[in-house]
Each structure stands twice: as structure tokens, then as C-alpha cells.
Amino acid sequence: MNRNRLVLTMVVLLVATTAVAQRGRRGRDRDTVPEGSRVQYKTFRSEILGRQLGYSLYLPPSYEGSDRDYPFLLFLHGANENERRWSTRGMTDLMLDRMIADGELGEFIVAIPFGANSFYTNSASGQRWEDMITEEFIPLIESTTRTPGTRASRAVSGISMGGYGALKLAMKHPDMFSAVSAHSAMLINDFAQAAATIRRAQGYYMLFDDIFDISNDLSHWDENNPLRLARENDGLDSLKIYFDCGTEDEYGFFLGARQLSQVLDDRGIEHEFHLYPGRHGWDYARRHTAASLEFHWNAFSHE
């Protein structure tokens, strides 16, 4: 089995094993809000998708007592997750509070929309998840919180499927975002050589087919592949970029991360890339989230 085929097989296993893990390992505890969390859980009506969607909102400690504006970080969750996992599994809000209190970084707003297993993509079947993010969710946050609503004050981050989504959105819309970060992003260089493999898991093949229409051709996949976007899109030299992945990532995403770093190097696009010991998921990401939070604060404060 070649490297690309192995990586795609791992993508299928990612979706399958994550679903099993949620059912089997203290599934109800995975969304338990940690003590001390100030994250708000809300809903909004997406007219684009025709449904109610949940989202999480982190407001900085000084928000209620001030009238100033704050930068805004959009965070995208992983496959078979939801808008709560940034806090309940990542405990990122508590980490952010602590870093602010210790003077390690300044304050900014974080919002996390529910993204289902959409890959934050306008699907071939007509579900416009990318448009929901760019045309509804970002305007919602920027109209209901005190943030400037400018490119300089707006960034995106994510984990796994959300890491893919963050890199894809930033590279497709570099006019919207000043910075992007990703932990363990789902990155595949060559889908074509491996597409047949996921027929072994028909349910997951149908998911990819619904989103990317892989039964017919790979053009929709290619148009939304961060590696292709990194090779071809303009405007990336003004985008601040950070990503990392575990060297024992069981889905092989470190291979795509290395390839992305090489593509950016070849184009002379500055970025920060790390491979650290560790596997896939929040146990890994929690050890490195402080670095991406600091990266975003530095990006905000230097604009």
C-alpha cells in the first residue's frame, strides 16, 4: 500500500474510530463543562442551511467591565465533535484565562460553531457549510460582540477536520483572515490514488461522496484541498500561518503536514511548523494549544 493510500485509509478510520470512542469511553462525560469555565453556549438560525446551529462563545475576563473592542478567533472542531469540545476536551478557555492572568498574552474573543462532519465545505449535494461560516457565523459574532470586524482583528484555528477547515478557509479567503493555526490537520496530498480504498467502509465513502462527489471526479476535492490552495492561491504571503502535528499521529497526518510546509517553503511563504511527539486528538493538542494561542495573540498585537 503506497503512502497516499495509507493516509486516506487512516482518514476513514478517523471518522469510524472517533464515533466508536464517543459511544464507548465515558461518552456523556466528554461534554461536561469544566469547573470554572465561563464559556457561553448559544444557538442561531442558519438560513443558508435551514436549521438551528449551536455555538460556543468565549468572552475575555475584562469584557463585561469595559467598552473596548477585542480581536476575534474563530475555532473549528474535529470530526464527530461539536462546539463544546474546545472547552470540555481541550479546556482551552481555562488555559486562555490562566495565560491572560499570568500576562503571557492579551485578551481576545473565541467563537466555535457546530460544523457536523461537513469539513466546513460547500458540499456537492448542496449543503453550504463554508458559506454558513463566512456569510452568517462570522457576521453574527462581529455584530453581537465588541470586535472591530476587520481582517487584522480576525483569525481562524482548528483541530483535525477543523484544522483542515481552518487552513482551507484562510487560504481560500486570505482577504478575510490575518492568521491561521491548526493542530493535527487532516491533510492529504494525492486523493486520486487512494479514493477507492474507502469503499471498504461504505458509510464513510458516502460521507466523502456527499461532500466532495468523489464518485464522479476529484475536482471539488482539489478545489478545497489546502495543499493545492497553498501551491496556487495568491495572497498567502500576508497570512500568518502556524500548524503542528504529532509524529505518532495514527492517521498519518504528519505526512501531509510535512508536505504543506515544503510547499510553503518552495513558494517562500513564511510559516511556523512543528512536529512533536504524540498521537492524534485533544490529548496531543492540549500540550500545544498554548503555543497557538500565543501565536494568535502575537499576530493580533502586531497588526
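Only a predicted model underlies this, so the values are computations on that prediction, with no experimental measurement involved.
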Considering only distance and modelled atom types, tabulate donor-acceptor pairs under 3.5 Å from the side chains of residues 49-61, sequence neighbours left out.
from, atom 1, to, atom 2, distance (Å)
Ser56, OG, Glu83, O, 2.6
Tyr58, OH, Asp97, OD1, 2.6

For Ser62, does its backbone N or O pair with a side-chain atom of Glu107 as donor and acceptor, under 3.5 Å? yes

I'd like to know if the side chain of Arg286 reaches the main chain of Arg89, judged simply by a donor and an acceptor atom lying under 3.5 Å from each other, with no hydrogens or angles considered. yes

Drop me the distance from Phe243's CZ to Leu264's CG, to the nearest 0.5 angstrom. 5.5 Å

Closest heavy-atom contact between Phe177 and Ala155? CD2-C, 3.9 Å

Can you confirm whether or not the ring centre of Phe253 sits under 6.0 Å from the ring centre of His280? yes

Distance (rounded to the nearest 0.5 Å) between Ser261 OG and Leu187 CG: 11.0 Å

Of all heavy-atom pairs linking Ser178 and Ala152, the shortest is OG-O, 3.5 Å

Quick one: does Ser160's side chain get under 4.5 Å of Glu81's, heavy atoms only? no

Straight-line distance of Leu105 CG to Leu96 CG, nearest 0.5 Å: 6.0 Å

Taking the side chain as every heavy atom from C-beta outward, state whether Pro113 and Leu76 have any pair of such atoms under 4.5 Å apart. yes

Apply side-chain contact (heavy atoms from CB on, under 4.5 Å) to Asp217 and list each qualifying residue two or more places apart in sequence or on a separate chain. Ser219

Look only at the side chain of Tyr242 and the backbone of Ala291, and say whether a donor-acceptor pair between them is shorter than 3.5 Å. no

Looking at residues at least two apart in the chain, or sitting in another chain, which of them share a side-chain hydrogen bond (donor to acceptor under 3.5 Å, both in side chains) with Thr147? none

Can you measure from OG (Ser157) to CG (Leu74) and round to the nearest 0.5 angstrom? 9.0 Å

Least distance between heavy atoms, Arg85 atom then Thr88 atom: CA-OG1, 3.4 Å

For this output row, return yes or no: ring centroids of His274 and Tyr276 closer than 6.0 angstrom. yes

Backbone of Gly115 reached by a side-chain donor or acceptor of His77 within 3.5 Å: yes

Sequence-distant partners of Ser118, side-chain contact (heavy atoms from CB on, under 4.5 Å), two or more places apart: Tyr120, Trp129

Here the pair of heavy atoms bringing Ala230 nearest to Leu260 is CB-CD1, 3.6 Å

Kindly indicate whether the side chain of Tyr63, heavy atoms from C-beta on, has any atom under 4.5 Å from the side chain of Thr145. yes

Shared ILVMFWY cluster between Leu94 and Ile100, side chains joined below 4.5 angstrom? no

Check whether any side-chain N or O of Asn233 sits under 3.5 Å from a backbone N or O of Met171 as a donor-acceptor pair, and report yes or no. yes

Using the test side-chain contact (heavy atoms from CB on, under 4.5 Å), find all partners of Ser143 that sit at least two apart in sequence or belong to another chain. none

Could you check whether His288 and Tyr284 have their ring centres less than 6.0 Å apart? yes

Distance from Asp93 atom CG to Phe75 atom CZ, nearest 0.5 Å? 11.5 Å

Sort and list the pairs that fulfil salt bridge (charged side-chain N to carboxylate O under 4.0 Å, His left out) and have at least one residue in residues 269-281, not counting sequence neighbours. Glu250-Arg279

Determine the interplanar angle of the Phe119 and Phe208 rings, folded into 0 to 90°, and report it as parallel if under 30°, tilted if 30 to 60°, perpendicular if over 60°. tilted

Scan for salt bridge (charged side-chain N to carboxylate O under 4.0 Å, His left out) pairs involving residues 127-138, sequence neighbours excluded, and state none if there are none. Arg128-Asp131, Arg128-Glu135, Glu130-Lys168, Glu130-Lys172

Grab the two heavy atoms, one from Pro226 and one from Tyr164, that are nearest each other, plus how far apart they are. CD-CE1, 3.4 Å

Is there a donor-acceptor pair closer than 3.5 Å between any side-chain N or O of His220 and the backbone N or O of Asn122? yes

List for me each residue that meets side-chain contact (heavy atoms from CB on, under 4.5 Å) alongside Arg98, sequence neighbours excluded, and say none if there are none. Met95, Asp102

Between the side chains of Ser292 and His183, is a donor N or O closer than 3.5 angstrom to an acceptor N or O? yes

Evaluate the side-chain proximity of Val39 to Ile112: yes if any heavy-atom separation is below 4.5 Å, no if none is. no

Met91, Val110: one ILVMFWY side-chain cluster at the under-4.5 Å cut-off? no

Sequence neighbours left out, what passes salt bridge (charged side-chain N to carboxylate O under 4.0 Å, His left out) with Glu294? Give chain and number order. none

Has the side chain of Arg84 got a donor or acceptor atom that lies under 3.5 Å from a matching backbone atom of Tyr41? no

If every non-hydrogen atom of Phe295 is compared with every non-hydrogen atom of Val180, which pair is closest and at what distance? CE2-O, 3.4 Å

Could you tell me whether a side-chain N or O of Arg154 sits under 3.5 Å from a main-chain N or O of Gly149, the two making a donor and an acceptor? yes

Applying the 4.5 Å side-chain criterion to the ILVMFWY set and letting contacts propagate, would Leu236 and Phe273 be lumped into a single cluster? yes

List in chain and number order the residues that pass salt bridge (charged side-chain N to carboxylate O under 4.0 Å, His left out) with Arg267, two or more places apart in sequence or in another chain; answer none if no residue qualifies. none

Can you name the salt bridge (charged side-chain N to carboxylate O under 4.0 Å, His left out) partners of Arg231, sequence neighbours left out? none

Does Glu64 have any salt bridge (charged side-chain N to carboxylate O under 4.0 Å, His left out) partners at least two apart in sequence or in another chain, and if so, which? none

Ser125 OG to Asp209 CG distance, which is reported to the nearest 0.5 Å: 9.5 Å

